[in-house]
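So the structure is just underneath, and the comments pick up after that.
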Amino acid sequence: MNLFYRNRTTRSTWTALTSAMLAAVLSLSLLVPQVQAETSSSASDNAKPVTLNTESATAFLDEFFASPETKPHYVGASVVMVKDGQVLTEKGYGYADLEQKTPVDPKNTAFRVASVSKTFTAAAIMQLVEQGKVDLKADFQTYVKGLQFENPFDTPVTVEHLLTHTTGFEIRDPQLEDIHTDPDKYITMEDYAKQHMPPVVRKPGSAYMYDNFSFLLLGLIVENVSGEPFETYMQEHIFKPLGMNNSSFLLNEKFQKQLATGYDAAHKPVDLYFLDPNPLPQGGMLSTADDIGKFMIAFLNDGKKDNQQILKPATVKSMEQYRSSIHPLMPDTTYGFEAPFQIPGAGSSSSVITKAGDLTGYSSYLFFIPEQNTGVFLTYNQNGALRSMLYTAFIQHFYPQYAKPVQFKEYTPQSAEELQRFNGLYADLRISTIISKLQAGGETPNALSISDPFIGERKLIQLEDNLFKDELTGQFTAFKTYEDGTTYMREPYLNPFGYAKKGQNAAGFRDVPNSSPYAQAIHGLQSLGYLENEANQSFKPKTAVTRAEFIKDILHLSGLKPSKTTPPSDTDWADHSAAGYIQLGYEMGLITGADEKQFKPDQAIVRQEAAVMLWRAWQLQYASELFKNVKLAGHTDAWAVPAVQMMVKLGIYGPEVKILEDGSADFLSRKPLIRQEHAAIMYALITQPTDRIVAELMDAQQPEQPQLPSAEEAAKEAETPESKPETTSIPTTESAPPATSVQ
C-alpha cells in the first residue's frame, strides 16, 4: 500500500503535497528505486552458497548495511533472520530518530509495516476457515451485509478472490482525506467500506490487481464472523499467543513513543500521521522485528511456537501455495503472500513467498523459503530500494539455486506478423497512468519493442509463445489472452504487483483520418478509454478547448478525483459541470490569479496557460533551471517562459510545434489550444520518458570530474562557500498576468 503524506495545516503545504502527487503520477519517479535496484541485479552462474547460520547471517548483514551502495537507502533499519525454529540474528542499524541519534532497537523500535499487515489479516481469516466459520469459495457478502455495488458478471466475488487480489474490483486505494493528523478522528471499517465500495469491472478471478480494499473487506469478515472487534481479535488470537507484545493495529500513545520517525528520500522527517479507517486491516499494523520473528518461527514450524498453535499445518501449507500465475516463472499470490522480486534470468521462484509493504516514510519486506525452513524480515524508516537489494543479495549469497538462470527448450520465435497480436497500449490495472506501448517488428523482427514513460524503449526477446525476456536486464515479461480477446501483461519494472490490460481497438472518428498527424494520439486515448470509442462519432479536432475542459481532462488523466469541497457560491464555476476539478485545481495550486473568484471556465484556454498549469505540477520534481537554455521562437509572455521551456524540452506537445534550424521552437504560446493539440499533449503526458530526459539533462549539466575526491577533500570542499554551484533565476515579470488568466 502506497500513501503520500505531508503536514496539511496550511494551504501552501497542501499545494506542495498535491502538486507532488500529480507530478509523481505524470513522471512515475516514485518507482525509481525499485527499477534501479532490479536492473542492477544479476545472478552468478558460479555462485557458491554460504551455509546460513548465526555467524554467517550476522556477517552478511553487517557487510550489507555498511556498504556505500546501501547507506543512502535507509536512515534506520531493523532485521531478523530465522531458521529451523531459531532466531539466527536480529539487529538494528542506523537511527529510529536521526535528530536525537536514537539507535534502532529490534526488540522495541516499532515501524509501520504497512501491507505486511495483509499477511496477518490473511492468517486471521484462515483461522476462521479452520473453524468452519468461513468458506473460501463463498460469496464474501455471506459474511458482510449491506454493501451496495454493481457486478455485471455471473461470477460472485468470493473470499478467495479477496485473499488473492483477483476480485475484479475497480481500484480503491487510500485517498488524501484518509491521511490526517487527528488522533481522535475515528471512522469504522464498515462505514468506510459503505462510502467507498467499488463496482466489479473485470470478471472475478480473471486478473491480478493489487487490491487494498479487498483486505479491508477481509478485516470486516474477521470482525463480523468472530463477533470481536478486529483489533481485539488480532491481539487475542495471533499476537498474544505468540508473545507479540509490541504489535498492534492501533497507533495509540504507547506506539507513538515506540514508533521510528519516518523519513523522505532527502532524510527529512515526515510528520506523525493517522489513517482512515481505524483499524486498517490492509496496512495499519505496527510491529518490531523481534515480534515478526516470533510469527515467522511459528509459520515455519507448522503454525506452532512454544506450544501455541495459531494455524494448523495444513493451513500453513495452503498459505504457501500460489493460486494463480501469468506464467510459472511469474506467479501471482498465495493466501496472504505475493511473488518475490524477479532475479534476472531466473524470474520469481515459486519456492519463495513474500510480502512487501509501503507507507510514506516506511518500507518493509517479509519473505520465507519454506523448503529451507528460513525466513527474513526487514523494515526501515524510508521508502526505497533497500528491500530488493537485500533480497537479491541474500538469495545469491545463501541460496543461489533460486537465482540460477532458467534453461529453456529450443524455441523458434514467431514472425513479426504473428507477434502483432500484442501490439497496442497497455494500462496498469491499479495505476492507470502507467502506460506501456508494444510494437512488433522493427530492427529485430522476431521480438517486441516495449516503451514506457519511465525506462523508455527496449526489446523483448521471445522465449515461449507468451513469455519474453527483456534485453535490458534478462527479466521476464509475460502475457495472457482470453477467448474474448482480452489481453493482460505482467512486467517486472513499473508495477510488478499486478497486470496491465491491453486497450481496446480504437474505433476512430469520422473527422480524424488515419493520415492525420494527430491520429496516433487521438486513437491512443480512445483505446485507453479517455475518449469515447464508438464508430461514426465526430471528434471536432479544431474546436478550441475551454479552461474547464483542460483542467478536468488533465486531472482525470492523472488519476485524481474531483474535490469534495463545495466551491464558494460567488465563484464563476460554482455551478459548472467541472466544478469539482476546477476546485481541485485551485486547491493544488495549478490555478492561481489575482481574482480567485473568476476562472472563466468556458473561455478558450491559451497554450501558454495550459503549459503553466502542467509546469506547476512538475516544478517540484524538475527544477526550472534545467530548461533555461531552451531557445524559444515566436512570442511567449515572460510569466510563461519557464513553463514553455519545460514543455518543449520534455516533448509535451504535438506536431504543430516545429524545431527551427537554429534549434529554437515556436510553441505557438498565444494561440488557443484546440482539441487535436490537446489530445497530443495528453498522449505525450502518458508516453514521454520525462524522467529519462531530465536525468540526461542533469548529467549533461554536471561539470566533468576526472577523479573523485577523497572523503577528507570532499569534506573540505563542502566547507568552502566558493565551491557551491551557481544558480540561475527563472525569468519573471513584476506585473502579474490578467486576473482572468489561469496563471
Side-chain angles (χ1 to χ4, degrees), residues 22 24-28 31 168-171 173 198-199 201-202 206-209 420-440 448-457 477 479-482 484-491 493-495 498-509 512 514 516-535 537 539 541 545 549-561 581 614 651-654 675-690:
L22 177 56
V25 169
L26 294 176
S27 70
L28 309 181
L31 302 171
F169 284 148
E170 183 180 76
I171 183 64
D173 271 341
V201 294
R202 294 174 303 281
S206 65
Y208 167 37
M209 181 198 76
Q420 285 180 5
R421 69 184 186 277
F422 297 117
N423 286 2
L425 296 172
Y426 291 71
D428 185 85
L429 293 179
R430 183 182 178 198
I431 309 171
S432 61
T433 49
I434 298 181
I435 306 296
S436 298
K437 180 181 178 181
L438 279 90
Q439 182 70 42
L448 291 173
S449 169
I450 182 172
S451 61
D452 58 61
F454 179 76
I455 303 172
E457 186 174 1
T477 293
F479 298 84
K480 177 188 290 186
T481 301
Y482 288 98
D484 63 358
T486 302
T487 299
Y488 293 106
M489 174 184 72
R490 187 173 178 192
E491 50 80 34
Y493 304 118
L494 300 179
N495 181 15
Y499 295 173
K501 183 180 180 182
K502 182 182 175 182
Q504 298 178 341
N505 292 327
F509 292 95
V512 179
N514 291 334
S516 167
Y518 295 92
Q520 181 185 41
I522 293 169
H523 293 163
L525 294 174
Q526 197 174 31
S527 169
L528 294 171
Y530 291 110
L531 298 175
E532 289 186 17
N533 196 19
E534 296 182 7
Q537 297 292 310
F539 182 68
V545 176
E549 288 171 335
F550 182 81
I551 193 69
K552 177 182 178 181
D553 288 349
I554 293 301
L555 292 175
H556 175 64
L557 182 75
S558 303
L560 300 176
K561 297 185 182 300
Y581 283 108
L614 297 175
I652 309 301
Y653 55 79
R675 293 199 72 198
Q676 62 185 11
E677 298 167 358
H678 178 42
I681 287 174
M682 292 176 66
Y683 187 74
L685 286 172
I686 58 176
T687 57
Q688 275 290 89
T690 54

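Side-chain contact between Thr690 and Ile652: present, with at least one pair of heavy atoms (C-beta onward) separated by less than 4.5 Å. A heavy-atom distance below 4.5 Å is not found between the side chains of Gln526 and Phe539. When side chains are defined from C-beta on, Ile686 counts as touching Leu525, because their heavy atoms get closer than 4.5 Å. Contact annotation: the side chain of Leu614 approaches that of Leu685 to within less than 4.5 Å [non-hydrogen atoms, C-beta and beyond]. Contact annotation: the side chain of Leu494 never approaches that of Asp428 to less than 4.5 Å [non-hydrogen atoms, C-beta and beyond]. Side-chain contact between Leu438 and Met489: present, with at least one pair of heavy atoms (C-beta onward) separated by less than 4.5 Å. A 4.5 Å side-chain heavy-atom check between Lys437 and Thr687 finds every atom pair outside the cut-off.
Using modelled atom types, no side-chain atom of Asn514 and backbone atom of Ala519 make a donor-acceptor pair closer than 3.5 Å. No side-chain donor-acceptor contact under 3.5 Å links Lys480 to the backbone of Thr486. Between the side chain of Asn533 and the backbone N or O of Ser527 there is no donor-acceptor pair closer than 3.5 Å. For Tyr493 (side chain) and Phe454 (main-chain N/O), no donor-acceptor pair under 3.5 Å exists by modelled atom type.
Counting all heavy atoms, side chain and backbone alike, Leu429 lies closest to Tyr208 at CD1-O, 4.0 Å. The minimum heavy-atom distance between Ala679 and Ala521, with the atom names listed, is O-CB, 3.8 Å. In plain terms, the two heavy atoms of Ala680 and Gly654 that are nearest each other are CB-CA, 3.5 Å. Pairing each heavy atom of Arg202 with each of Phe169, the nearest pair is NH2-O, 3.1 Å. When all heavy atoms of Ser432 and Ala427 are compared, the closest pair comes out as O-CB, 3.9 Å. For the pair Asn423 and Lys502, the tightest heavy-atom approach, listed with the atom from each and the gap, is O-CE, 2.7 Å.
Atom CD of Gln537 has more than 12 neighbouring heavy atoms from other residues, nucleotides or ligands inside a 6.0 Å radius.
A ring pair (Phe, Tyr, Trp, His ring centres under 6.0 Å) with His678 is found for one member of Tyr653, Tyr530, Phe550, Tyr518 and no other, namely Phe550.
With rounding to the nearest 0.5 Å, the separation of CD1 in Ile435 from CG in Leu557 is 8.0 Å. Here the CD-CD1 distance, from Gln439 to Ile450, works out to 12.5 Å after rounding to the nearest 0.5 Å. In this structure, OH on Tyr683 lies 4.0 Å from CD on Gln520, to the nearest 0.5 angstrom. Rounding to the nearest 0.5 Å places OG of Ser436 at 12.0 Å from CG of Leu448. Here NE2 of His556 is found 14.0 Å from CD of Glu549. Values are rounded to the nearest 0.5 Å. For the atom pair CD of Glu457 and CG of Asp452, the computed distance is 10.5 Å after rounding to the nearest 0.5 Å.
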**Met682/Asp553 under side-chain contact (heavy atoms from CB on, under 4.5 Å): CA gap, chis, key distance, verdict** = CA-CA 8 Å; Met682 292 176 66; Asp553 288 349; 4.0 Å; yes
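Between Tyr488 and Tyr499, the two ring planes are tilted [angle within 30° to 60°].
Here the two rings, on Phe479 and Phe422, have centers that are under 6.0 Å apart.
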